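Just below is one structure, and these are the notes that go with it.
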There are 2 protein chains.
Amino acid sequence: MGYTLGLKRSCLTSEEIERRLADAGVHATAQRIAIARYVLCEADHPTADQVKSWADKNFPKMSMATVYNTLKILVAAGLLKKIAFPHLNEAVYDDNITAHYHLIDEKTGRMSDLDPADFKVTANLKGVRIKEIEIFIKGRRELS
Amino acid sequence: MGYTLGLKRSCLTSEEIERRLADAGVHATAQRIAIARYVLCEADHPTADQVKSWADKNFPKMSMATVYNTLKILVAAGLLKKIAFPHLNEAVYDDNITAHYHLIDEKTGRMSDLDPADFKVTANLKGVRIKEIEIFIKGRRELS
DNA sequence: TCAATATTTAGATTAGTTCTAATTCAACTC
DNA sequence: GAGTTGAATTAGAACTAATCTAAATATTGA
Ligand SMILES: [Mn+2]
Ligand SMILES: [Mn+2]
Ligand SMILES: [Zn+2]
Ligand SMILES: [Zn+2]
């Protein structure tokens, strides 16, 4: 320990992160606090690779296994959602755990959130028990 | 040549497949005709693996490279769509090239088509140029 | 303190896919 | 029909994302 995390903006302190982990029944280790803080506060739909790159700069000697293990634990704990989207070949992790949709920028491949309040979706499906609806929009965000 | 393809049902003859390939500007080889016939007529959202398995039973000595090459060619020619849906770890190939949505069976992981006529989707997105809307429903098909 | 348990780690492994370079095949030319 | 040329096919290597393994390390708590 004794290192400092170079967060660009802060939404939660390490203590708050610790509490959220504890509330979710996850033992808060230094690695988990660091990753949780990055994915919950700083990052936007990061890949495991991006989490690892961040860790390489901001945390001493964290292994890829720990990155994957921790992301899996955070997903299982309900603090994070794993999104595997077509046309992207790696999964991304989403701190927005409320129901929402996604825009994939055709140029950059980057994913951003779409507010479900901006959608009206009705499905008339007999014989199908719906558990979840995922909507991915491919397109571009227009520069305003 | 001289082998016979063991198709379970037939929607197109080899000659018709040949014509469709030619119309799409794709040189019709024996391998391509066989694969095209399988994915366009017999299969339902098959993976590359499933195409290969079918070929192993019905075509002499076809390589995995040819399976992938041919699927890519068919996709580029607009005869087939590649769907790389996360939560599944292999891409599937879809002969239904019209706009439609998909149901992923939670138990089996199998993908099936949903008729867009059964949906009403309106999106009120300012600053977003929509190119394509993909909808994936996770759930189950109820046994009727 | 010391054992028991949990976590992290490096590296191996797996699975899907793509790439490479050699061989085979098919289509023209002569 | 041979011979040439370019395209298609092939086996196997390479690549990438993700998971697994087993050893090392850290933490807990008796
Ligand atoms: Mn990456
Ligand atoms: Mn498979
Ligand atoms: Zn999101
Ligand atoms: Zn389909």
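Source: prediction; values computed, not measured. A note on names: the letters A, B, ... follow the listed sequences, proteins ahead of strands, and every chain is numbered from 1.
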Same cluster or not: are B:Ile135 and A:Leu103 linked, directly or through other Ile, Leu, Val, Met, Phe, Trp or Tyr residues, by side-chain heavy atoms under 4.5 angstrom apart? yes
Return no unless some side-chain N or O of B:Thr66 is found under 4.0 Å from OP1 or OP2 of D:dT9. no
Among the nucleotides D:dA17, D:dA11, D:dC20, which one has an atom lying closest to any side-chain atom of A:Ala65? D:dC20
For C:dT8, take OP1 and OP2 only and decide whether either is under 4.0 Å from a side-chain N or O of A:Thr29. yes
Would you mind reading off the distance between B:Arg32 atom CZ and D:dA7 atom P, rounded to a whole angstrom? 11 Å
Does OP1 or OP2 of C:dG16 have a side-chain N or O of B:Lys52 closer than 4.0 Å? no
Can you identify which nucleotide, out of D:dT10, C:dT17, D:dA18, has its nearest atom closest to the B:Ala91 side chain? C:dT17
Over how many whole Å does the gap from A:Asn69 atom CG to D:dA26 atom P extend? 17 Å
Enter the distance from B:Leu80:CG to B:Asp95:CG here, rounded to the nearest 0.5 Å. 7.0 Å
Inter- and intrachain pairs under salt bridge (Lys or Arg N to Asp or Glu O under 4.0 Å), touching residues 98-112 of chain A, at least two apart: A:Asp105-A:Arg140, A:Glu106-B:Lys131
Counting side-chain heavy atoms from C-beta on, which of D:dT19, C:dT9, C:dG16 comes nearest to A:Lys82? D:dT19
N or O in side chain of B:Tyr68 less than 4.0 angstrom from C:dT18 OP1/OP2: no
B:Met64 CE to C:dT18 C1': how many Å, rounded? 11 Å
B:Glu90 side-chain proximity, nearest of C:dT18, C:dG16, C:dT8: C:dG16
Salt bridge B:Asp56-B:Lys52, side-chain N to carboxylate O under 4.0 Å: yes
B:Arg37 side chain vs B:Leu12 backbone, donor-acceptor pair below 3.5 Å: yes
Atom CE of A:Met62 and atom P of C:dT7: how far apart are they, to the nearest Å? 15 Å
With respect to the phosphate group of D:dT28, does any side-chain polar atom (N or O) of A:His27 fall under 4.0 Å of OP1 or OP2? yes
A:Lys61 NZ to C:dT9 C1', in whole Å, measures 7 Å
Please state how far atom CG in B:Leu74 lies from atom P in D:dA8, giving the value in whole angstrom units. 13 Å
Whole-Å distance between D:dC15 C1' and A:Asp49 CG? 13 Å
Taking only N and O in the side chain of B:Lys72, is any of them less than 4.0 Å away from OP1 or OP2 of C:dT17? no
Respond yes when some side-chain nitrogen or oxygen of B:Gln31 is under 4.0 Å from OP1 or OP2 of C:dC25, and no when none is. no
Between CG of A:Leu71 and P of D:dT19 the distance, given in whole Å, is 10 Å
Toward the 5' end of DNA chain C, which comes first, B:Thr47 or A:Ser63, by nearest nucleotide? A:Ser63
